[in-house]
2 protein chains.
Amino acid sequence: MNTQPRLTRNQDMVFRVLVDAKTPLSAYTILDQVREFGIRAPLQIYRALDKLQGWGMVHRLESLNAFIACARADCQRHEMVAFAICDKCRHVSEFSDAQVKAHLDNWVGDKEFLANQTAIEIRGTCRACAR
Amino acid sequence: MNTQPRLTRNQDMVFRVLVDAKTPLSAYTILDQVREFGIRAPLQIYRALDKLQGWGMVHRLESLNAFIACARADCQRHEMVAFAICDKCRHVSEFSDAQVKAHLDNWVGDKEFLANQTAIEIRGTCRACAR
DNA sequence: ATTCTTAATGTTATAGCATTACAGTTTTTT
DNA sequence: AAAAAACTGTAATGCTATAACATTAAGAAT
Ligand SMILES: [Zn+2]
Ligand SMILES: [Zn+2]
Ligand SMILES: [Zn+2]
Ligand SMILES: [Zn+2]
């Protein structure tokens, strides 16, 4: 998507909260953590998140209605990314798999479907939580 | 998941609405369509949807917060299913791809992640809407 | 520097999605 | 018949997201 400029004050606050978090956060949880810095409304969070997502710095986890900082260096490059989400501890592993991407691209190509964005989210239990 | 018994009154009403629909419906849209039959509260819809999902008769589209009747004969079998969702007309194509499943199984196997459920949702534009 | 233009911010209100808690009923099993 | 399990009804509440509008800040053009 668009290339990333210098972050504004709100964008920077939201991004920092997500980077520090060990688990995905909802927009309202982020809001709670930046209230002390003068942000008061959900919309301020959602606007910052929209920008950060556009720059590949943050991902939205559709099955959680939550957001997480990108775990990779430069995420707008690999464009199809998958998440393994632990339902016990909420740890999230981000990865990309070229072969999965190839197969899905293949399918949508056959159907002449124009793909914009793909969400792959695996819910389960991580190794640590499985003991 | 569990094998499907005879549907109760509420489950049957909700399922029929979804089967008749041409696009995914939110729980509240379903509610609107069954109010005339005496259902009044969202929870009655969500309870029916939970059961129907467990039996593989209905899928939840995470990126839409909406639900759709399964397009396949016996969906609890193939357990990893993907959706291509048109953002213009909301048409949804359900498909499964053994190779995608194999690659993702491979990844979670390496990480010793115990997968329960996988959501794959491709958002974009269908052939008809692309002209 | 001043105007023009675009992007970001602040605020309130509202819309949309989902669950908790509790009480009652029906169905199935023993 | 009694006990257990599944399903239903209802009200209240909580969480997630956007619409609408006014204001301010930042960048480009003259
Ligand atoms: Zn990423
Ligand atoms: Zn875990
Ligand atoms: Zn299905
Ligand atoms: Zn379409």
Side-chain angles (χ1 to χ4, degrees), chain A residues 1-18 21 23-55 57-68 85 87 90 117 119 121 123, chain B residues 1-15 17-18 21 23-55 57-68 85 87 90 119 121 123:
Chain A
M1 201 160 183
N2 226 340
T3 179
Q4 157 199 358
R6 218 172 113 277
L7 297 185
T8 66
R9 175 180 149 81
N10 288 2
Q11 290 160 8
D12 187 58
M13 280 196 290
V14 168
F15 186 58
R16 283 176 187 282
V17 169
L18 281 176
T23 59
L25 302 180
S26 77
Y28 280 74
T29 303
I30 297 170
L31 176 58
D32 287 342
Q33 296 192 27
V34 296
R35 275 189 200 282
E36 57 177 316
F37 303 115
I39 294 191
R40 307 181 188 197
L43 192 49
Q44 296 173 277
I45 306 297
Y46 283 108
R47 286 198 278 227
L49 287 171
D50 281 349
K51 291 293 181 187
L52 294 168
Q53 283 178 258
W55 298 321
M57 300 170 70
V58 162
H59 299 292
R60 175 183 165 81
L61 299 176
E62 302 288 353
S63 67
L64 291 179
N65 294 332
F67 303 85
I68 192 166
I85 304 167
D87 287 325
R90 287 299 194 222
Q117 210 205 356
E121 299 180 17
R123 302 285 294 265
Chain B
M1 203 166 180
N2 225 341
T3 179
Q4 158 200 356
R6 215 172 117 274
L7 296 185
T8 67
R9 176 179 148 80
N10 288 3
Q11 289 159 9
D12 187 58
M13 280 195 291
V14 169
F15 185 58
V17 169
L18 282 175
T23 58
L25 302 180
S26 77
Y28 279 74
T29 302
I30 297 170
L31 176 58
D32 286 342
Q33 296 193 25
V34 296
R35 275 189 201 281
E36 55 177 319
F37 303 116
I39 293 191
R40 308 181 188 200
L43 189 50
Q44 296 173 276
I45 307 296
Y46 283 108
R47 286 198 278 226
L49 287 170
D50 282 348
K51 290 295 179 183
L52 294 167
Q53 283 178 86
W55 298 322
M57 301 170 69
V58 162
H59 300 293
R60 176 183 165 80
L61 298 176
E62 302 288 354
S63 67
L64 292 178
N65 294 333
F67 303 85
I68 192 166
I85 303 166
D87 287 327
R90 287 301 195 221
E121 297 180 19
R123 302 285 294 265

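Below, read A as the first sequence line, B as the second, and so on, with proteins coming before strands; counting in each chain starts at 1. Only heavy atoms go into these numbers, but all of them, side chains included; no hydrogens, no water, no symmetry mates.
The side chain of A/Gln44 places an N or O atom within less than 4.0 Å of a non-bridging phosphate oxygen (OP1 or OP2) of C/dG10. Taking side-chain N and O atoms only, B/Ser26 has a distance below 4.0 Å to OP1 or OP2 of C/dC17. At the phosphate of C/dT9, OP1 or OP2 sits under 4.0 Å from a side-chain N or O atom of A/Thr8.
Listed here is the closest heavy atom pair of A/Phe37 and A/Met13: CB-SD, 3.4 Å. Contact detail for B/Leu31 and B/Arg40: the closest heavy-atom pair is CD1-C, 3.9 Å. Nearest heavy atoms, A/Asn10 versus A/Gln44: ND2-NE2, 4.0 Å.
Candidate nucleotides D/dT8, D/dA19, C/dA21 were compared by shortest atom distance to the side chain of A/Leu43, and D/dA19 ranks first.
A heavy-atom distance below 4.5 Å is not found between the side chains of B/Thr29 and B/Val17. Here the side chains of A/Leu49 and A/Gln11 are not in contact, with every heavy-atom distance at 4.5 Å or above. Side-chain atoms of B/Leu7 and B/Trp55, non-hydrogen and from C-beta on, do get closer than 4.5 Å to each other. B/Ile39 is not listed as a side-chain neighbour of B/Glu36, based on a closest heavy-atom distance of 4.5 Å or more.
No donor-acceptor contact under 3.5 Å links the side chain of B/Tyr28 to the base of C/dA15.
Taking atom CG of residue B/Leu49 and atom P of nucleotide C/dT19, one finds them 11 Å apart after rounding to whole Å. Spacing between atom CG of A/Asn10 and atom P of D/dA26 amounts to 12 Å, rounded to whole angstrom units. Going from atom OH of B/Tyr46 over to atom C1' of D/dA12 covers 16 Å, rounded to whole Å. Rounded to an integer number of Å, the gap from B/Arg9 CZ to D/dG9 C1' is 12 Å. Look at CE on A/Met13: it is 11 Å from C1' on C/dT9, rounded to the nearest Å. Between A/Glu62 atom CD and D/dT16 atom P there is a gap of 14 Å when expressed in whole angstrom units. One atom, CG of B/Leu64, and another, P of D/dT16, lie 18 Å apart when rounded to the nearest Å. In this structure, the CG atom of B/Asn65 is 11 Å from the C1' atom of D/dC15, given to the nearest Å.
Contact annotation for B/Arg6: no contact, since no heavy-atom pair falls under 4.0 Å across all strands.
Nearest-nucleotide positions on DNA chain D for A/Ala27 and A/Arg47 put A/Ala27 closer to the 5' end.
Taken residue by residue, residues 29-42 of chain B places no heavy atom nearer than 4.0 Å to DNA chain C.
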